[in-house]
*Asks:* 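Starting off with a structure, shown below.
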Amino acid sequence: MQTTNRQTYIDWLRIGAILGVLLFHSAMPYVPDWWHIKNNEKSNLLMEFNFFISRFRMPLLFFISGTVTHVMLQKRTAGQFILLRVRRLFVPLLFGMLLIVPIQVYMERLTEGFKGNFLNFYPTIFTGGVYPKGNLSWHHLWFIAYLFFYDVIFASFFKKMVTKTSRGSFINSLATSKRIYFIMIPSIILFALLAIRFPETNDLVHDFCMIFYWLFFLLAGFLCMNFPSLMDSIERNRRTSFTFALISIFLINYLRWNKLEPNHYFSDYTSHWQTNVYMAVYAFTAWLWVLTAVGYGKKYLNRKLTVLNYINSAVYPFYILHQTIIVVLSYYVVQTSDAIFLKYAFTVVLTFCLTMSIYHLFIRPYRFIRFLFGAKNKANAN
């Protein structure tokens, strides 16, 4: 995405979101939740940090992706847009599944007792089936798979919306007063009704709740970019969003920390309406934090620095590479006797340095490697 005054804050938000993903994944070996590599000792503080970030990190990325989709369609037909998404999304996804993600699976299998080097392991991604029983997976690249699916399915719809006049439309009426918050309602209802019945899988095929939930954020980002009055309303209502975002996350944590969640009260909690209300609060807080980030970003981050084009070109390859580097580092770091927070800080810093070094030395200078990672042309990466 070329940076203009209109889109600079979106670029900064995307960069911030990817850094948030780095902080999140670097903490995963040290929290009680399952992950590919685990430290013997766990940190509840890092768990709470990850819980907070996970409320909005992916919703924000999908919202931002919707705005990027709008920009890409400005001077392209729906067919040209699909071809571009094949190059920018499908090719990196396929490349990542064949050469980047298998390294993660290999390191995990080593912790499970696999004997042999990576060359011994690699053929099993084609013969052993799909992860977790097998070794073929897209792991953290599920986001790219979902985004590609959405963009191909809705390409024609998006193009029609881009070329459609926005004057006097119903959508523009949402920009008045506090009506912008109406955009949250469909996905909140969906999440409240389906999230318990259909837990997140990230496999595209069986993800019956989240595949629609993420889509609402993508559509919202697209519509807010297509109807600038909506984005202006998000900026204007940023304090309201921030206020209720804080209230909602405090409420969720109060219930969690005091064991007042529905599953502590009802043995069959999935069938009680209180559970649906509780899940609605989760979706509610996700939207509020996204609108807070976008509102304040539009207000204060709409500034272009010389380094922005370089960082913006690096952020996508960074996303593709970062988790594999984290997994490799964590495999060795968790074997040390150092304190958790020292391990975590070491993982964050070294992952950032290694990933950016790989981009600068081995991806950015070479056209074919940039193509495999879906990166921009070098001329736009300075």
Side-chain angles (χ1 to χ4, degrees), residues 1-26 49 52-74 88 143 147 174-175 178 180-181 183-184 214 216-246 248-249 285-319 322 348 352 355-356 359 375-376 380-382:
M1 178 171 63
Q2 287 297 324
T3 301
T4 68
N5 289 335
R6 186 68 192 170
Q7 299 137 27
T8 300
Y9 70 97
I10 295 294
D11 291 334
W12 286 119
L13 286 173
R14 181 169 62 167
I15 292 165
I18 296 300
L19 288 178
V21 171
L22 167 64
L23 297 175
F24 177 87
H25 284 147
S26 295
F49 172 74
F52 172 67
I53 291 182
S54 64
R55 295 314 90 207
F56 60 89
R57 64 185 179 92
M58 296 314 301
L60 179 59
L61 277 175
F62 276 110
F63 185 97
I64 293 169
S65 297
T67 68
V68 174
T69 293
H70 180 271
V71 173
M72 288 182 170
L73 277 165
Q74 292 295 303
R88 293 276 183 88
F143 168 70
L147 185 56
L174 297 176
K178 305 292 183 183
I180 187 65
Y181 297 108
I183 66 174
M184 305 187 305
W214 303 132
F216 279 114
F217 288 97
L218 181 84
L219 292 174
F222 178 87
L223 290 175
C224 288
M225 207 67 170
N226 196 53
F227 299 90
S229 60
L230 296 184
M231 204 67 88
D232 293 337
S233 180
I234 292 175
E235 178 185 3
R236 188 171 59 252
N237 287 291
R238 64 190 182 279
R239 294 184 182 88
T240 300
S241 299
F242 190 28
T243 298
F244 284 96
L246 286 174
S248 62
I249 197 66
T285 195
W287 274 103
L288 289 170
W289 283 108
V290 169
L291 295 179
T292 297
V294 174
Y296 279 95
K298 187 174 185 300
K299 178 67 175 179
Y300 298 109
L301 296 179
N302 212 19
R303 302 176 181 179
K304 182 178 179 180
L305 301 180
T306 304
V307 73
L308 179 58
N309 279 344
Y310 177 88
I311 300 175
N312 200 35
S313 298
V315 72
Y316 187 33
F318 187 99
Y319 176 81
H322 83 281
V348 169
F352 179 84
T355 308
M356 289 303 297
Y359 168 74
K376 297 179 180 181
N380 298 323
N382 294 323

*Asks:* Of the non-hydrogen atoms in Ser26 and Val348, which two are nearest, and what is the gap between them?
*Replies:*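 For Ser26 and Val348, the tightest heavy-atom pair comes out as CB-CG2, 3.5 Å.
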
*Asks:* How are the rings of Phe242 and Trp289 set relative to one another: parallel (under 30°), tilted (30 to 60°) or perpendicular (over 60°)?
*Replies:*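 If you compare the ring of Phe242 with that of Trp289, the planes turn out perpendicular.
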
*Asks:* Output the distance between atom CG (Asp11) and atom CG (Asn309), rounded to the nearest 0.5 Å.
*Replies:* 8.0 Å

*Asks:* For Tyr316, is the NZ or CZ atom of Arg88 found under 6.0 angstrom from the centre of its six-membered ring and inside 45 degrees of the ring axis?
*Replies:* no

*Asks:* Atom CZ of Arg238 and atom OG1 of Thr243: how far apart are they, to the nearest 0.5 Å?
*Replies:* 11.5 Å

*Asks:* Quick check: do Leu308 and Ile15 have side-chain heavy atoms less than 4.5 Å from each other?
*Replies:* yes

*Asks:* Does a donor on one side chain sit under 3.5 Å from an acceptor on the other, for Thr8 and Trp12?
*Replies:* no

*Asks:* Got a sec, which residues hit ring pair (Phe, Tyr, Trp, His ring centres under 6.0 Å) with Phe222, two or more places apart in sequence or on another chain?
*Replies:*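 Ring pair (Phe, Tyr, Trp, His ring centres under 6.0 Å) list for Phe222, sorted by chain: His70, Phe158.
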
*Asks:* Can you sort out the partners of Thr292 under side-chain hydrogen bond (donor to acceptor under 3.5 Å, both in side chains), two or more places apart, ordered by chain and number?
*Replies:* none

*Asks:* Can you name the closest pair of heavy atoms from Leu13 and Gly297 and give their distance?
*Replies:*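 Minimum heavy-atom separation between Leu13 and Gly297: CD2-CA, 4.4 Å.
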
*Asks:* Roughly how far apart are Met231 CE and Asn226 CG, rounded to 0.5 Å?
*Replies:*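 One gets 10.5 Å once the value is rounded to the nearest 0.5 Å.
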
*Asks:* Determine the minimum heavy-atom distance between Ala286 and Arg55, stating which atoms define it.
*Replies:* CB-O, 3.1 Å

*Asks:* Would you call Leu19 and Phe352 a side-chain contact if the rule is heavy atoms closer than 4.5 Å?
*Replies:* yes

*Asks:* State, yes or no, whether a side-chain contact exists between Tyr310 and Tyr359 at a heavy-atom distance under 4.5 Å.
*Replies:*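 In contact.
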
*Asks:* Taking 4.0 angstrom as the limit, do Lys298 and Asp232 come out as a salt bridge?
*Replies:* yes

*Asks:* Could you tell me which residues satisfy ring pair (Phe, Tyr, Trp, His ring centres under 6.0 Å) with Tyr300, sequence neighbours excluded, listed by chain and number?
*Replies:*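 Testing Tyr300 for ring pair (Phe, Tyr, Trp, His ring centres under 6.0 Å), a comparison that skips the adjacent residues, returns none.
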
*Asks:* Tell me every residue that passes side-chain hydrogen bond (donor to acceptor under 3.5 Å, both in side chains) with Tyr181, counting only those two or more places apart in sequence or in another chain.
*Replies:*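 Testing Tyr181 for side-chain hydrogen bond (donor to acceptor under 3.5 Å, both in side chains), a comparison that skips the adjacent residues, returns Ser241.
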
*Asks:* Do you know the tightest heavy-atom contact between Thr285 and Ala245?
*Replies:* OG1-O, 3.8 Å

*Asks:* Could you work out, with side-chain hydrogen bond (donor to acceptor under 3.5 Å, both in side chains) as the rule, every residue matching Lys178, not counting sequence neighbours?
*Replies:* Asn237, Thr240

*Asks:* State, yes or no, whether a side-chain contact exists between Met184 and Leu291 at a heavy-atom distance under 4.5 Å.
*Replies:* yes

*Asks:* Under the rule for side-chain hydrogen bond (donor to acceptor under 3.5 Å, both in side chains), what residues qualify as partners of Trp287, not counting sequence neighbours?
*Replies:*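 side-chain hydrogen bond (donor to acceptor under 3.5 Å, both in side chains) check on Trp287 returns Ser187.
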
*Asks:* How far does CD1 of Ile18 sit from CG of Leu60, to the nearest 0.5 angstrom?
*Replies:* 9.5 Å

*Asks:* Are Phe52 and Phe24 close enough that their ring centers fall under 6.0 Å?
*Replies:*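 Distance test on ring centres: not under 6.0 Å, no.
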
*Asks:* Ile10 pairs by side-chain contact (heavy atoms from CB on, under 4.5 Å) with which of Asn302, Val71, Asn312, Thr67?
*Replies:*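 Of all the options given, the one that passes is Thr67.
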
*Asks:* Just how far is it from atom OG of Ser65 to atom CG of Leu147, taken to the nearest 0.5 Å?
*Replies:*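 Output value for this atom pair is 4.5 Å.
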
*Asks:* I'd like to know whether OH of Tyr296 has more than 12 heavy-atom contacts from other residues, nucleotides or ligands below 6.0 angstrom.
*Replies:* yes

*Asks:* Report the residues that fulfil ring pair (Phe, Tyr, Trp, His ring centres under 6.0 Å) with Phe143, sequence neighbours left out, ordered by chain and then residue number.
*Replies:* Phe62, Tyr319

*Asks:* Quick check for you: to the nearest 0.5 Å, what is the distance between Thr306 atom OG1 and Ile311 atom CD1?
*Replies:* 10.5 Å

*Asks:* Can you find a heavy atom in the side chain of Leu61 that is under 4.5 Å from one in the side chain of Phe217?
*Replies:*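 Not in contact.
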
*Asks:* Using side-chain heavy atoms (C-beta onward) and a distance below 4.5 Å, is Leu174 in contact with Ser233?
*Replies:* no

*Asks:* Near Phe244 CZ, under 6.0 Å, is it more than 12 heavy atoms from other residues, nucleotides or ligands?
*Replies:*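 No, because the 6.0 Å sphere around CZ of Phe244 holds 12 heavy atoms or fewer from other groups.
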
*Asks:* Of all heavy-atom pairs between Ser229 and Ala175, which one has the smallest distance, and what is that distance?
*Replies:*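 Closest approach of Ser229 to Ala175: O-CB, 3.3 Å.
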
*Asks:* Side-chain contact, heavy-atom cut-off 4.5 Å: Phe63 with Arg14?
*Replies:*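 Counting from C-beta outward, Phe63 and Arg14 never come under 4.5 Å.
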
